[in-house]
Amino acid sequence: MKWTKTLVQTLREDPGDAEIDSHKLLVRAGLVRKVAGGLYAYLPLGMRTLRKIQQIVREEMDRAGALEVVTPVLQPSELWRTTGRWDTMGPNMFKVKDRGEHDFALGPTAEEVFTDLAKGVVSSYRQLPLTIYQIQWKFRDETRPRFGLMRSKEFLMKDAYSFDVDAEGADRSYWNMYHAYERIFSRCGLKAVPVQADGGDMGDSLTHEFHVLADAGEDGIAWCEGCGYAANLEKAERRADGAAACAPQCAAFSEVATPGAKTIEQVAAFMNLPPEAFVKSLVYVADGRPVMVCVPGDRDVNDVKLKRFLGAKTLALADFDTVLAATGANAGSVGPVKPADASLRIVADASLKGATGRIVGANKDGFHLRDVDLARDTFLKDGDFADLIVVKEGDTCPHCGKPIVIKRGIEVGQVFKLGTKYSGAFKANYKNDRLEEKTMIMGCYGVGVSRTLQAIIEQSHDANGIVWPAAVAPYQVVIELLDPADASVAKVADDLEAALEAAGVDVIVDDRAERPGVKFKDADLIGFPVRVVAGAKGLANGGVEVKRRSEDKSMTRVVAPEAAVETVMSLL
RNA sequence: CGGAGCGUAGCGCAGUCUGGUAGCGCGUUUGGUUCGGGACCAAAAGGCCGAGGGUUCAAAUCCCUCCGCUCCGACCA
């Protein structure tokens, strides 16, 4: 391909609305252009890379035995009502009506469609196990699209769904996809790590997210250098060491006036004590009933863990009136000792078990209690303690006891055991060999294709631009034809282009009448993995110059034009 | 959905406070000189100043309404 025959428009300056490097580079290198907030057009270079990632995904899915299909973007509301998600997905889903006032969704995912499809197509155990997938555009009405393709309203996603006769089969399907994902990301030149994640509405289901570690990542990941434990912060556990008792014996609790001090920070400053000396008490409403949660003063409640522990369907912080009614005080002065509502359920983080000598809210505005012994002064029982806080850097790894570090990650894929949540709702059954009706066991598996494109850039760039892994580069090789007007030099470039194309290499020839500096800058910005320079001066000095994008200029190899193909191939 | 900021040429921005008829850099086009890491000179094209309404002799500029975008937070398969 000749540069002048395709459409490459690079920008010298960063786009004003881009925040992170990969977003800036996507636009500057001419891969995408914004159409509107969260909506992007892919230009030829971006399209080529997107297709290469798709192709890798497709090949690995096929290799794993999954079958490609495609289902409509536009999905009838009936399917979503079957699982109740028409309502529970809420405003995240784009909803539209046809002229007959029938409701449709622009698919944000496709569990319903695929389950319904499998129900219609599968009737016998002989057809199972089955994994089907598609690569299709998905739509989410994001509250805040940001970071370019990372969080957009429309994105390309590969979603796969497995159907099995039993739990063991579902397990095999799960790990089959898990390993396919390892291959996909590895072939994309990405270091993606599987981390344990929360199953959301799916209960204790096994699920892993694949994350590309990057400072720009939106998810926090707890990471143990000791044993390799990796978990999304929503899920991450810690080993809670028992609280130390005060010595030799605790005084009875007493009231302290703390006028105007609402937050732990304020009370801690007022009493001149560290936040750890306090117990932070928050009132939530779980399935319509208020619940108080106690955590150490310097820690945050993990809503996901709390929701799971309470077995609640809905969970949110209580409003001020509810807090007042439950405790007798306004937020900022509430605590687990004698709340106004004596039947208020109280739970506490495991690290508070045995805690003594703590300061808690007095359930009376402007007052706190000191020297509180949780066992002595509250009705907390052993069963009310659980791991309920967000893991922090330095916490103890639950498996090996080493300290945990916190990293940031970009989620590029997730594998998920669904069980019978969807197949049950749709009565997606099959007949076993004894003519019994059985429900299929499902799993679902997603890869964010467009997001992966950006994650690759985020993980592989330098000050000059993108450094594409060869497998996903828009072109693997750029030939810098420095003297396009010189017929003999142009012929060298043409011959090399033809020879490389014959060898199956994607190559672009920069045949623009630009100065060399401009061409080099653009080549670095776009990040073609291998660069060949064909110039009159170089040819007079022995041949063409070959180097990798990732290499310093000093690594440049000068080779005779006839030998260039071999050199290039060895560098890819 | 709360808080903050911004909408002026394809891109990045100034001009707005203090109203007087539109500017800079990059990019684009033409000509010339250059030519191995984003050259220089000359000329040119390109704007309903986000939209609508109001004030005024006069509005990019002041006032009102709406829309869009970005950031922080909340939320998030």
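What you see below is based on every heavy atom in this structure, not just the backbone, and it leaves out hydrogens, waters and symmetry mates. Per chain, numbering begins at 1; letters A, B, ... match sequence-line order. Model, not experiment: these values are computed from the prediction.
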Base partner of [N], which must satisfy Watson-Crick or wobble distances under 3.5 Å:
{"N": "U33(B)", "answer": "A39(B)"}
{"N": "A51(B)", "answer": "U65(B)"}
{"N": "G10(B)", "answer": "C26(B)"}
{"N": "U16(B)", "answer": "none"}
{"N": "C71(B)", "answer": "G3(B)"}
{"N": "A59(B)", "answer": "none"}
{"N": "C76(B)", "answer": "none"}

**Report entry** Stepwise salt bridge (Lys or Arg N to Asp or Glu O under 4.0 Å) check, Arg151(A) with Glu142(A)
**Finding:** CA-CA 8 Å; Arg151(A) 180 160 295 270; Glu142(A) 291 287 349; 3.0 Å; yes
For [N] and [M], measure between their [atom1] atoms and round to the nearest Å.
{"N": "G38(B)", "M": "C64(B)", "atom1": "C1'", "value": "47 Å"}
{"N": "G5(B)", "M": "A60(B)", "atom1": "P", "value": "24 Å"}
{"N": "C69(B)", "M": "G50(B)", "atom1": "P", "value": "16 Å"}
{"N": "G25(B)", "M": "G20(B)", "atom1": "C1'", "value": "27 Å"}
{"N": "U21(B)", "M": "C48(B)", "atom1": "C1'", "value": "14 Å"}
{"N": "G68(B)", "M": "G32(B)", "atom1": "P", "value": "50 Å"}
{"N": "G10(B)", "M": "C57(B)", "atom1": "P", "value": "35 Å"}
{"N": "C24(B)", "M": "G46(B)", "atom1": "P", "value": "15 Å"}

Expressed as a whole number of angstroms, how long is the span from [X]:[atom1] to [N]:[atom2]?
{"X": "Ile20(A)", "N": "C72(B)", "atom1": "CD1", "atom2": "P", "value": "11 Å"}
{"X": "Lys521(A)", "N": "G36(B)", "atom1": "NZ", "atom2": "P", "value": "15 Å"}
{"X": "Leu539(A)", "N": "G36(B)", "atom1": "CG", "atom2": "P", "value": "15 Å"}
{"X": "Leu43(A)", "N": "G10(B)", "atom1": "CG", "atom2": "C1'", "value": "13 Å"}
{"X": "Glu142(A)", "N": "C71(B)", "atom1": "CD", "atom2": "P", "value": "13 Å"}
{"X": "Leu482(A)", "N": "G38(B)", "atom1": "CG", "atom2": "P", "value": "13 Å"}
{"X": "Phe94(A)", "N": "C76(B)", "atom1": "CZ", "atom2": "P", "value": "18 Å"}
{"X": "Asp510(A)", "N": "G37(B)", "atom1": "CG", "atom2": "C1'", "value": "13 Å"}

Picking from [options], which would you name as closest to the side chain of [X]?
{"X": "Leu525(A)", "options": "G36(B), C75(B), G38(B)", "result": "G38(B)"}
{"X": "Leu11(A)", "options": "G27(B), G36(B), C11(B)", "result": "C11(B)"}
{"X": "Arg151(A)", "options": "C76(B), C72(B), G38(B)", "result": "C76(B)"}
{"X": "Arg146(A)", "options": "U70(B), C71(B), C11(B)", "result": "C71(B)"}
{"X": "Gln9(A)", "options": "G27(B), G36(B), C75(B)", "result": "G27(B)"}
{"X": "Val518(A)", "options": "G36(B), G37(B), A39(B)", "result": "A39(B)"}
{"X": "Asp303(A)", "options": "G37(B), G36(B), C75(B)", "result": "C75(B)"}

Query raised in the report: For Glu514(A) and Thr10(A), take the nucleotide of RNA chain B holding the closest heavy atom to each; which residue's nucleotide lies nearer the 5' end?
Result: Glu514(A)
Report summary line: Comparing nearest nucleotides in RNA chain B, the 5'-proximal residue of the pair Arg12(A), Phe147(A) is Arg12(A)
Across the strands shown, which category fits [X] at heavy-atom distances under 4.0 angstrom: base, sugar-phosphate, nothing?
{"X": "Gly16(A)", "value": "sugar-phosphate"}
{"X": "Phe139(A)", "value": "nothing"}
{"X": "Lys34(A)", "value": "sugar-phosphate"}
{"X": "Gly538(A)", "value": "base"}
{"X": "Glu480(A)", "value": "nothing"}
{"X": "Glu19(A)", "value": "sugar-phosphate"}

Query - Test salt bridge (Lys or Arg N to Asp or Glu O under 4.0 Å) applied to Lys2(A) and Asp510(A), step by step - result: CA-CA 6 Å; Lys2(A) 296 292 196 290; Asp510(A) 189 349; over 6 Å; no
Query - CD1 on Ile456(A) to CG on Leu190(A), rounded to 0.5 Å - result: 4.5 Å
Report task. Decide yes or no, distance alone: a donor-acceptor N/O pair under 3.5 angstrom between the base of G12(B) and the side-chain of Asp14(A). Result -> no
**Report entry** Heavy-atom donor-acceptor pair, Arg515(A) side-chain to U34(B) base, under 3.5 Å
**Finding:** yes
Requested in this report: Check Tyr181(A) against Gln414(A) and note the closest heavy-atom contact, atom names and distance.
Outcome: CE2-O, 3.8 Å
Requested in this report: Please examine the side chains of Asn232(A) and His211(A), heavy atoms only from C-beta on, and report whether any two atoms are closer than 4.5 Å.
Outcome: yes
Query - Residue-level proximity of residues 25-33 of chain A to RNA chain B when a heavy atom falls under 4.0 Å - result: Arg28(A), Arg33(A)
Query - Heavy atoms of other groups near Arg289(A) CZ, more than 12 under 6.0 Å - result: no
Query raised in the report: Looking only at atom types and distance, does a side-chain atom of Gln134(A) sit under 3.5 Å from a main-chain N or O of Thr71(A), one as donor and one as acceptor?
Result: yes
Report task. Give a yes or no answer on whether the side chain of Tyr161(A) reaches the backbone of Ala110(A) with a donor-acceptor pair at less than 3.5 Å. Result -> yes
Requested in this report: Assign the ring pair Phe210(A) / Phe185(A) to parallel, tilted or perpendicular, where the plane angle (0 to 90°) is split at 30° and 60°.
Outcome: tilted
Requested in this report: Taking side chain to side chain donor-acceptor pair (under 3.5 Å) as the test, write out the residues that go with Thr83(A), two or more places apart.
Outcome: Glu112(A)
Less than 3.5 Å apart, which donor and acceptor atoms pair up between the side chains of residues 31-43 of chain A and the rest of the protein, not counting sequence neighbours?
residue, atom, partner, partner atom, Å
Lys34(A), NZ, Asp17(A), OD2, 2.6
Tyr40(A), OH, His23(A), NE2, 3.2

